[in-house]
Amino acid sequence: LIDVLISFSALVLLLPFFILIAVLIKRNSKGPIFYFQERIGKNGRPFQIIKFRTMIVNAEKDGPQLSVSGDQRITSFGIFLRKTRIDEFPQFINVLKGEMSLVGPRPERQHYINLISQKEPHYLQLTSVTPGITSWGQVKFGYAENVEEMIRRMKYDLVYLKNRSLTLDFKIMFYTIIITLKAKGK
């Protein structure tokens with residue numbers, strides 16, 4: 001209920017802001033406003049995650065690639081969207097569709113789940129719950145640039161799974177808002 005109420009309210013209140021972001025994305029680079037990518041949700045169910053596009057079109061024409069510091073595929077406006085994590089805001093739609101929650105381990109692509117779970121089989125525990133827009137791993141570690149960093153971030157999310165509570169969810173949401181306002185994302 002909290003997921004639905006907050007997501008619906010956010011989409012309504014942020015609609016003018018979304019329109020401005022859409023215009024700025026179109027002015028900054030050619031291509032669509034939104035980026036859709038298959039991610040793995042609860043119980044291994046695939047879904048299309050929605051984000052504001054932050055990279056050039058066909059950024060992964062050579063196959064799956066994680067973004068790294070100084071990544072030339074990220075547009076100049078995309079850098080801002082990522083630092084503020086505004087690129088994640090369209091995922092409120094995923095929450096309303098029941099594919100995601102506000103808080104939970106971040107959903108990943110099957111390609112990376114396979115790579116991570118070869119080294120760290122515990123990762124598969126993260127797919128036992130609904131993925132979130134934000135997570136303890138995102139707050140404490142941030143974006144990962146390689147599989148080793150994904151494994152380090154995973155450890156925070158495993159701690160979250162063992163200690164899940166509404167209080168912890170609100171704490172994570174609070175920290176996420178601070179990160180967004182301070183533009184501390186990668």
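All residue numbers refer to positions in the sequence shown, counting from 1.
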Exercise. Determine whether Tyr175 and Leu166 fall in the same hydrophobic cluster, where Ile, Leu, Val, Met, Phe, Trp and Tyr are linked whenever their side-chain heavy atoms lie under 4.5 Å apart.
Key: yes
Exercise. Is it possible for you to say whether Leu14 and Ile2 belong to one hydrophobic cluster, with membership spreading through side-chain heavy-atom contacts below 4.5 Å?
Key: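 Per the 4.5 Å side-chain linkage, Leu14 and Ile2 are co-clustered.
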Quiz item: Ring centroid separation for Phe52 and Phe18, is it under 6.0 angstrom?
Solution: yes
Self-check item: Carboxylate-amine/guanidinium contact Glu148 Lys119, below 4.0 Å
Solution: yes
Quiz item: When you check the gap from the basic side-chain N to the acidic O, do Arg82 and Glu88 get nearer than 4.0 Å?
Solution: no
Flag, side chain of [X] to backbone of [Y], donor-acceptor distance under 3.5 Å:
X: Thr180; Y: Thr84; result: yes
X: Ser165; Y: Leu168; result: yes
X: Thr134; Y: Thr176; result: no
X: Arg53; Y: Pro32; result: yes

Practice problem: Could you name each residue pair satisfying side-chain hydrogen bond (donor to acceptor under 3.5 Å, both in side chains) that touches residues 1-13, not counting sequence neighbours? | Solution: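 Every pair satisfying side-chain hydrogen bond (donor to acceptor under 3.5 Å, both in side chains) with a residue in residues 1-13: Asp3-Ser101.
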Practice problem: State whether the number of non-hydrogen atoms from other residues, nucleotides or ligands found under 6.0 Å of His122 atom NE2 is greater than 12. | Solution: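 It does not: His122 NE2 has 12 such atoms or fewer within range.
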Quiz item: Above 12 or not: heavy atoms from other molecules or residues under 6.0 Å from NZ of Lys171?
Solution: no
Practice problem: State which residue, out of Phe34, Tyr35, Phe36, fulfils the side-chain contact (heavy atoms from CB on, under 4.5 Å) condition with Pro90. | Solution: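 Per the side-chain contact (heavy atoms from CB on, under 4.5 Å) rule, the option paired with Pro90 is Phe34, out of Phe34, Tyr35, Phe36.
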